[in-house]
Amino acid sequence: VTGNRAVDISVLVDKVLKSTHISEDIHFKAISEHFAKIVGNAVAPYVKLEKLDKQTLVLKAVNSAWKQELFLQKNAIIERCNSMLGKPVVRDVRFV
């Protein structure tokens, strides 16, 4: 109960998850567990998953050639992440 009215528990849980960034950590863990499938087994050894920050997935490539290759696959990476998570969590990919 908040104030003088009852609130569905899922609303309260959602507020807690958003305010503590726990949901972002959960999504990052899920992405990291399936990362080779998301970027492809051939590409995975050349890229490292850095973080998920405010709906932006940060990836680190081993060199500029792989950075360019990943940039060309940016939309596919976003789509695969969101498909795997079942909701639009990743809105952008940044390469470092």
Side-chain angles (χ1 to χ4, degrees):
V1 177
T2 58
N4 59 358
R5 62 184 180 103
V7 177
D8 185 351
I9 189 72
S10 64
V11 173
L12 296 174
V13 169
D14 190 46
K15 284 183 180 182
V16 169
L17 290 175
K18 285 180 181 176
S19 68
T20 60
H21 303 285
I22 292 172
S23 61
E24 195 167 82
D25 293 339
I26 292 168
H27 294 137
F28 180 79
K29 177 143 176 56
I31 290 169
S32 65
E33 289 174 355
H34 300 280
F35 191 61
K37 290 180 189 175
I38 291 169
V39 296
N41 289 327
V43 176
Y46 305 101
V47 61
K48 181 182 175 195
L49 179 60
E50 290 287 313
K51 63 183 174 179
L52 178 62
D53 184 33
K54 299 175 188 165
Q55 297 185 310
T56 298
L57 190 64
V58 180
L59 304 178
K60 183 174 184 175
V62 295
N63 58 38
S64 60
W66 281 107
K67 189 175 179 179
Q68 178 63 27
E69 177 63 30
L70 289 164
F71 181 78
L72 295 172
Q73 295 184 32
K74 181 178 175 176
N75 291 332
I77 292 169
I78 293 169
E79 186 178 309
R80 287 186 206 124
C81 286
N82 291 333
S83 176
M84 187 269 306
L85 294 169
K87 55 185 166 182
V89 173
V90 178
R91 297 197 188 264
D92 195 16
V93 179
R94 184 167 48 100
F95 305 100
V96 293

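The figures here come from the full heavy-atom set of this structure, side chains too, leaving out hydrogens, waters and symmetry mates. Just so we're clear, the structure is a prediction, and the values are computed from it rather than from any experiment.
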Colleague: For residues V96 and L59, determine if any side-chain heavy atom of one lies less than 4.5 Å from a side-chain heavy atom of the other.
Modeller: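 No; the side chains remain at least 4.5 Å from each other.
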Colleague: Might you point out which heavy atoms bring E24 and L52 nearest each other, and give the distance in Å?
Modeller: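 The answer is OE1-O, 3.0 Å.
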Colleague: Return the CD to CG distance between E69 and N63, rounded to the nearest 0.5 Å.
Modeller: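 Those atoms lie 11.0 Å apart.
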Colleague: For the atom pair CD (E79) and NZ (K74), what is the distance rounded to the nearest 0.5 Å?
Modeller: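 NZ of K74 is found 14.5 Å from CD of E79.
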Colleague: Can you tell me if CD on E50 sees more than 12 non-hydrogen neighbours from other groups inside 6.0 Å?
Modeller: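 Yes, CD of E50 has more than 12 neighbouring heavy atoms, counting only those of other groups under 6.0 Å.
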Colleague: Please report the closest heavy-atom contact between V90 and D92, naming both atoms and the distance.
Modeller: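 Of all heavy-atom pairs spanning V90 and D92, the closest is CG1-O, 3.4 Å.
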Colleague: In Å and rounded to the nearest 0.5 Å, what is the CZ to CZ distance from R94 to F71?
Modeller: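 Taking CZ in R94 and CZ in F71, the distance rounds to 14.0 Å.
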Colleague: Evaluate whether atom NZ of K60 has more than 12 neighbouring non-hydrogen atoms of other residues, nucleotides or ligands under 6.0 angstrom away.
Modeller: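 Count not over threshold, so no.
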Colleague: Minimum heavy-atom separation for K67 and A61, please, with both atom names.
Modeller: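 Taking K67 first and A61 second, the nearest heavy atoms are N-CB, 3.5 Å.
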Colleague: Would a single hydrophobic cluster contain both I31 and Y46, if residues Ile, Leu, Val, Met, Phe, Trp and Tyr are joined by side-chain heavy-atom contacts under 4.5 Å?
Modeller: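 Y46 clusters together with I31.
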Colleague: Are the side chains of K87 and H27 in contact, using a 4.5 Å heavy-atom criterion?
Modeller: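 Yes, at least one pair of side-chain atoms sits under 4.5 Å.
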Colleague: Which pair of heavy atoms, one from R80 and one from I38, lies closest together, and at what distance?
Modeller: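 Minimum heavy-atom separation between R80 and I38: NH1-O, 2.6 Å.
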Colleague: About how many Å separate NZ of K29 and NE2 of H34, when rounded to the nearest 0.5 Å?
Modeller: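 Output value for this atom pair is 9.5 Å.
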Colleague: Are V93 and V62 grouped together when hydrophobic residues (ILVMFWY) are joined by side-chain heavy atoms under 4.5 angstrom apart?
Modeller: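 V93 and V62: one cluster.
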Colleague: Just wondering, do F28 and L49 contact through their side chains at under 4.5 Å, heavy atoms?
Modeller: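 In contact.
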Colleague: Does some side-chain heavy atom of V47 sit less than 4.5 Å from a side-chain heavy atom of F95?
Modeller: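 SC-SC contact between F95 and V47 ruled out.
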Colleague: Might you point out which heavy atoms bring A42 and W66 nearest each other, and give the distance in Å?
Modeller: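 A42 and W66 have their closest heavy atoms at O-CH2, 4.3 Å.
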